[in-house]
Amino acid sequence: MAKEGSGSILQFAPFQSSVDEGFWHRLSSLKLNKFGIDDSPIPISGFFAPCSHPQVSNYLTLLAESLPSDSNEESSIPAFNRGNRNRCSVPGILYNTNTMESFHGLDKQGLLKAEAKKIWEDIHSGKVLEDSAVLSRFLLISFADLKKWSFHYWFAFPALILDPPATLVDLRPASQWFTLEEAESVSTACNEWRNSSVTADVPFFLVSVGSDSRAAVRHLKDWETCQDDGQKLLFAFYDPCHLPNNPGWPLRNFLAFICARWNLKTVHFLCYRENRGFADLSLSLVGEALITISQGWREHQCVPNAVGWELNKGRKVPRCINLAKSMDPTRLAISAADLNLKLMRWRALPSLNLDILFSIKCLLLGAGTLGCQVARMLMAWGVRKITLVDNGRVAMSNPLRQSLYTLDDCLNGGDFKATAAVRSLQRIFPAVVAEGVVMAIPMPGHPVSSQEENSVLEDCRRLNDLIGSHDVIFLLTDTRESRWLPTLLCANTNKITITAALGFDSFLVMRHGPGPFNSTPDLKVEMPNSLSDVLDNLALTNTDGKQRLGCYFCNDVVAPTDSTSNRTLDQQCTVTRPGLAPIASALAVELLVGILHHPYGIFAEAEIANSNNGGSSELPLGILPHQIRGSLPHFQQMTLVGHSSNSCTACCSTVVSEYRKRGMQFILQAINHPTFLEDLTGLTELMRSANTFQLDWDDEIEDADDECIEL
Amino acid sequence: MMDVFNWDGTVSAKDFRIGALSFAQKWESLNSAFPPWSWVPCPKHPWLASPELFQEEGYLSLENICISRPYEVDIDQNSQTDPGEEETSCSEKEDDIDDATLVQSNHHELHYCDFHIVYSYTFRVPVLYLRAYCSDGRPLLLDEIEKELPACSSKESPETKWAFITQEEHPYLKRPWYKLHPCGTSEFMKLLFLGGDTGQPKLEVVLELYLLSWFSAVGQVVGLRIPCKMLNDRR
């Protein structure tokens, strides 16, 4: 489509910028490792190529190679080679500031003028004839916010303003301007120019077509020799723009150069464009421009005005790009962890419910050997919200067995375990939402004086709140009696509760059954609709019915009492084989994941590993047992079932309803009076009547002894 | 020589390199819809003396492929301009536009993709790495990529059920790229060659055609189809 008629101002399509992510990575690394706070201007190179697509313009691109290479860098970035036909390099300068204020405070007018002056000088000194790419010199200002990983930047492509502006006499596709023969010859000559590594990246050149229709492509410096009559002479340049009615930005300074250097008033130009790597003369344009030179141009000292700041979607504002997702190590860690779990789901476990793992809140009572391992395992499964409760400090012997602590945590008397553990979790995975609570758990059989009563009640309330605000509670303390109160509180609110307990060479991992009352099950686990029917049934038939699975205390015939005093020293320190804690902790977490994936959750029936269901269970994660007891001497593990007991000191309906009636006073009484719980639950009665049965009693005593001493 | 029945679906690094170069050649001559793949060498230890020990590592690269559909896409609002920028910048008195500047009203935002075929020493198979970006260089996130390449996330067709996109550090460029996870590759490569009823091919033939067959499956996930004439060409 030809554009005729004099008088219309020649309008150029502005250059557009494109910054490859690698450029910002490299700039960040240079800033951190080399430049520091030095903000002197940095020489850079931009790359562009002639338009290669009829509908899309090419951009001036910055890559990692655009920044100067550094011999100290162990980089995988090769220095760019000249002669690459797709990467014509253009010199530029980068002003990278250290603060946002100084970025906005840069004298943009002044900087643009300075670059325009450089172009002007290159025109007059003859540098353009040697290295014409300097006509397209550009400017970049930036501010790299290396805390937020966001980069603010603004390009300017300085163009000397012709005053008055050049007018367009004619503009048409090159194929319509040349004859068929000429066109063919021009294409061939241009393709040769583009294919030779010496000239491939020279963006400004001359095309002369003789009267014999033979075309030749020449360097700008050969202009004098192209002054034959009868020869058509075109000023050609690599045009990044694709538009049919406008030439690209590089022509602006080219015309300024031609006018200043050779004093021409009429210029025939060729906007060279390609398609699939070859000259495309129907996409390329040939035009004729009229230039009126003002007086000022003759004077070298008088630098013309310039324009060229790049618009951002039509507005005069800088651009901003945020690369946190690919540069911020925390984000990368989160993304990697997520993808790892998704990979597991994709490859092996399509029914894996990641949402529930990401959202569930776990409370760990105890931050010792079990607590540390459970916390790590939970994070490995994608659990992000973990609270640890422990009132102890990290001792010198702890780091060996308690996997979140190091020697530093032991110094100066030792940090509180709860806080040290949280710090450690955050170092492992910064996105974890971990909280540490330094608190002792009130225990029955450890009476408190009246002065301490208030603070103990406060601790009870606090524990109650903690349990209320979490979905899963792990009982990982080192005494039996410290598990009593949490068990009661969890039974009262039907929280998923998992106990892990260690002997010297044996362990117990179990999930508590639901509490005796199901009126307001505060279930956070996703349940199918049919569960409401199940719940109703349970409520009708089951207060302490045998269907309900038991808790840690259901098998006990004595109430929890003070098990720590009156023991010898080696019994006071819990001594266990080191392998036990990791095994038990891992099983505890795997058990939790099983519960979370069971449609009935806390109400799920117990399954036992036996030859009947050997291997293939209905659920993809396998069976969901009630208790797992393991023994290291035999390298053996058993799954057991224990149902709830009517006389359980922690979860039977009597106890829970007393608690509901009397609240903290009830707790206090249990703490202060060792036999209170036994009386309440009728265990006292049970023991009295049991005395009359000699034979049975012997068997029971043995088990009871085992329970009291070992665990 | 191992026979094809015992073949585990993997290739050696050397076979990968040979196959890659031959794949690139075939692609260039028979697939004119796309630009050619180029081999990017990554010399591992350039300071080691003996050239015999020097085994050239590298990968195939195909870059700047436009993956957007050819209509104008609405520019998403939350990416570029910082609202805080407004106040300071508009106070520019100087007019940045003169009469000779064309002001364009429509803004094409096109998305491009770079593809690299890299050899994995762990899995002993080729892996397709990709990353996508806007015309101004802003990288695209996975969900944006999946919008342009819907086959990425669909698990329905037999080819795409092997497709799982994960983000990992590019082994040579040391930056996060997306890749099609290779853990299923050896299995489906075995199926491709041994599952058919075209008889038992010789192992040498299998290795020669390895990259071509691999790409015919994997490329579909990212919208790069191999024309039939490439698959049928047995030269």
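These figures come from a predicted structure and were not determined experimentally. Lettering follows sequence order; numbering is per chain, from 1.
Taking CG from B:Leu173 and NE2 from A:His25, the interatomic distance works out to 10.5 Å, rounded to the nearest 0.5 Å. Atom NE2 of B:His181 and atom NZ of A:Lys342 lie 14.0 Å apart (nearest 0.5 Å). To the nearest 0.5 Å, atoms CG (A:Leu332) and CD (B:Glu169) are separated by 9.0 Å. Once rounded to the nearest 0.5 Å, the distance linking CG of A:Asn86 with OG of B:Ser38 reads 9.5 Å.
A salt bridge does not link A:Lys313 to B:Asp136: none of the charged side-chain nitrogens sits closer than 4.0 Å to a carboxylate oxygen. Under the 4.0 Å criterion applied to side-chain N and carboxylate O atoms, B:Asp98 and A:Arg252 are assigned as salt-bridge partners.
Taking A:Leu10, A:Leu243, A:Leu323, A:Val19 one by one and counting their heavy-atom pairs under 4.5 Å with chain B, the maximum is reached by A:Val19. Counting heavy-atom pairs under 4.5 Å between each of A:Arg276, A:Glu310, A:Met327 and chain B puts A:Arg276 at the top. Taking A:Ser326, A:Ala336, A:Ala156, A:Ser57 one by one and counting their heavy-atom pairs under 4.5 Å with chain B, the maximum is reached by A:Ser326.
Closest heavy-atom contact between B:Leu102 and A:Pro14: O-CD, 3.3 Å.
Partner B:Thr166 forms a side chain to side chain contact (heavy atoms under 4.5 Å, CB included) with one of A:Leu339, A:Asn340, A:Leu343, A:Asp338 and no other, that one being A:Leu339.
Looking at B:Tyr112, only its side chain comes within 4.5 Å of chain A, counting heavy atoms on both sides.
With hydrogens and angles ignored, the 3.5 Å screen pairs no side-chain donor or acceptor of A:Glu21 with any backbone N or O of B:Arg138.
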